[in-house]
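Along the sequence shown, residues carry numbers from 1.
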Amino acid sequence: MSLKAGDSFPQDVKFSYIPWSEDKGDITSCGIPINYNASKEWADKKVILFALPGAFTPVCSANHVPEYIAKLPELRAKGVDQVAVLAYNDAYVMSAWGKANGVTGDDILFLSDPEAKFSKSIGWSDEEGRTYRYAIVIDHGKVTYAEKEKEKNVLEVSKADHVIKQL
C-alpha cells in the first residue's frame with residue numbers, strides 16, 4: 001500500500017532517533033537512540049518527510065540533504081513546522097550524518113527507519129531493504145503530497161524545490 005494525497009498518515013509509525021544535544025554535538029560522540037513516535041509528534045504539525053537510500057551516499061550527500069538545509073527558511077515561511085530525513089541506516093549513522101552536515105537542534109530530524117519497516121509498509125523500499133527516495137508532506141495528520149522517484153539516483157519529485165511547489 002503506498003500513500004497518496006488525501007490519505008491519513010498511518011498510526012503507530014515509529015522511527016529510531018538520537019536527539020541532538022550540545023554536549024554530544026561533536027561527530028565523535030553519540031547519544032542514545034530513542035523511539036520517535038512520528039504519528040503522535042506530527043499529528044498537529046505540517047511536516048515534510050523525505051527519504052533516501054542511505055546516509056553518506058553520493059546523490060543524498062551532495063544534493064538531497066544540502067538542498068533541504070539551504071531551503072529551510074523558505075520551508076518555514078511556507079508554514080512547515082518540521083522537516084525530517086529518513087533512511088534505513090541505524091540511528092547512530094543518521095545522527096553522525098546530521099552532525100556532518102552541520103545540523104543542530106531539531107532543524108532537520110535525521111531519523112532511522114530500522115529494517116525499512118515504514119518504507120516497506122507503504123511499498124517504498126527496494127529488494128535490498130533500503131528506503132526508496134521519496135517525499136511526503138503531512139499536514140495535521142493528512143497526507144497532502146506523496147511521491148517516490150521513478151528510478152535510483154534521480155532527484156526530481158522528492159527534492160526541496162519541487163516539494164515547495166506542492167505546499
Side-chain angles (χ1 to χ4, degrees), residues 1-20 33-55 57 59-61 63-76 78-91 93-95 97-98 101 103 105-126 129-150 154-167:
M1 150 196 137
S2 65
L3 286 177
K4 61 187 180 313
D7 289 347
S8 292
F9 189 71
Q11 294 296 312
D12 299 321
V13 174
K14 293 184 177 111
F15 300 118
S16 184
Y17 171 62
I18 298 176
W20 187 90
I34 61 169
N35 283 330
Y36 184 87
N37 187 333
S39 301
K40 180 181 174 190
E41 294 291 332
W42 299 342
D44 296 321
K45 294 179 180 170
K46 188 174 193 175
V47 177
I48 295 173
L49 172 65
F50 69 102
L52 35 82
T57 55
V59 173
C60 307
S61 290
N63 300 104
H64 212 174
V65 168
E67 185 189 29
Y68 274 95
I69 293 169
K71 300 287 182 177
L72 200 52
E74 191 174 343
L75 293 166
R76 296 278 190 241
K78 293 264 192 183
V80 174
D81 299 302
Q82 186 67 69
V83 176
V85 58
L86 182 69
Y88 85 107
N89 300 94
D90 69 35
V93 171
M94 294 303 288
S95 175
W97 199 30
N101 278 282
V103 176
D106 62 356
D107 287 342
I108 297 178
L109 302 178
F110 282 73
L111 303 174
S112 169
D113 187 7
E115 300 172 8
K117 183 178 176 183
F118 171 72
S119 298
K120 286 177 183 174
S121 78
I122 61 171
W124 287 359
S125 68
D126 68 17
R130 289 178 178 254
T131 53
Y132 279 140
R133 189 179 309 278
Y134 60 83
I136 301 171
V137 177
I138 306 138
D139 193 347
H140 293 79
K142 289 287 183 193
V143 174
T144 60
Y145 176 80
E147 292 292 332
K148 120 181 137 55
E149 298 293 353
K150 293 186 181 6
V154 170
L155 189 54
E156 294 173 354
V157 299
S158 65
K159 68 183 196 171
D161 277 336
H162 183 78
V163 173
I164 287 169
K165 293 174 186 170
Q166 312 309 311
L167 298 175

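- Every residue two or more places apart in sequence or in another chain that forms a side-chain contact (heavy atoms from CB on, under 4.5 Å) with N63 is listed here: L155.
- The side-chain heavy atoms of V157 and E149, taken from C-beta on, include a pair separated by under 4.5 Å.
- Between D139 and K142 there is no salt bridge, since no side-chain nitrogen of the basic residue lies less than 4.0 Å from a carboxylate oxygen of the acidic one.
- Closest of all the heavy-atom pairs between D7 and S2 is OD2-O, 3.9 Å.
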**Message:** Applying side-chain contact (heavy atoms from CB on, under 4.5 Å) to Y145 and L167, what does each step give before you reach the verdict?
**Reply:** CA-CA 8 Å; Y145 176 80; L167 298 175; over 6 Å; no

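- Between P19 and I34, some side-chain heavy-atom pair lies under the 4.5 Å cut-off.
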**Request:** Show your working on side-chain contact (heavy atoms from CB on, under 4.5 Å) between V65 and L52 and close with a plain yes or no.
**Result:** CA-CA 9 Å; V65 168; L52 35 82; 4.0 Å; yes

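- Residues forming a ring pair (Phe, Tyr, Trp, His ring centres under 6.0 Å) with H140 (at least two apart in sequence, or on another chain): none.
- Residue K117 places its NZ atom among 12 or fewer non-hydrogen atoms of other residues, nucleotides or ligands, all under 6.0 Å distant.
- The distance from atom CD1 of I138 to atom CD of Q82, rounded to the nearest 0.5 Å, is 10.5 Å.
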**Item:** Evaluation steps, side-chain contact (heavy atoms from CB on, under 4.5 Å), between D106 and W20
**Value:** CA-CA 7 Å; D106 62 356; W20 187 90; over 6 Å; no

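- Across every non-hydrogen atom of G54 and Y88, the tightest pair is CA-CE2, 4.5 Å.
- Taking CD from E115 and OG from S16, the interatomic distance works out to 11.0 Å, rounded to the nearest 0.5 Å.
- For F9, the ring pair (Phe, Tyr, Trp, His ring centres under 6.0 Å) partners two or more places apart in sequence, or in a different chain, are W42, F118.
- You'll find the side chain of P53 reaches within 4.5 Å of the side chain of R133, heavy atoms only.
- Under the salt bridge (Lys or Arg N to Asp or Glu O under 4.0 Å) criterion, K78 pairs with no residue at all, not counting sequence neighbours.
- Heavy atoms only, all atoms of each residue included: W124 and E147 are closest at CH2-N, 3.8 Å.
- Nearest heavy atoms, G129 versus A116: O-CB, 3.0 Å.
- Atoms NZ and CD1, from K4 and I122 in turn, are 12.0 Å apart once rounded to the nearest 0.5 Å.
- Scanning both residues, D81 and R76, for their nearest heavy atoms gives O-NH1, 3.0 Å.
- Going from atom OH of Y17 over to atom CG of N35 covers 13.5 Å, rounded to the nearest 0.5 Å.
- Side-chain atoms of L86 and Y134, non-hydrogen and from C-beta on, do get closer than 4.5 Å to each other.
- Note that CG of L49 is 11.0 Å distant from OG of S158, once rounded to the nearest 0.5 Å.
- Expressed to the nearest 0.5 Å, how far CG of L72 lies from CG of D107 amounts to 5.5 Å.
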**Message:** Walk me through whether S112 and Y36 qualify under side-chain contact (heavy atoms from CB on, under 4.5 Å).
**Reply:** CA-CA 9 Å; S112 169; Y36 184 87; over 6 Å; no

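- Qualifying salt bridge (Lys or Arg N to Asp or Glu O under 4.0 Å) partners for K71, counting only residues two or more places apart in sequence or in other chains: E74, D161.
- Of the possible donor and acceptor atoms, none in the side chain of T131 sits under 3.5 Å from a partner among the backbone N and O of A87.
- Considering only residues two or more places apart in sequence or on other chains, Y68 meets the ring pair (Phe, Tyr, Trp, His ring centres under 6.0 Å) condition with F50, H64.
- For the pair V93 and A55, the tightest heavy-atom approach, listed with the atom from each and the gap, is CG1-CB, 3.7 Å.
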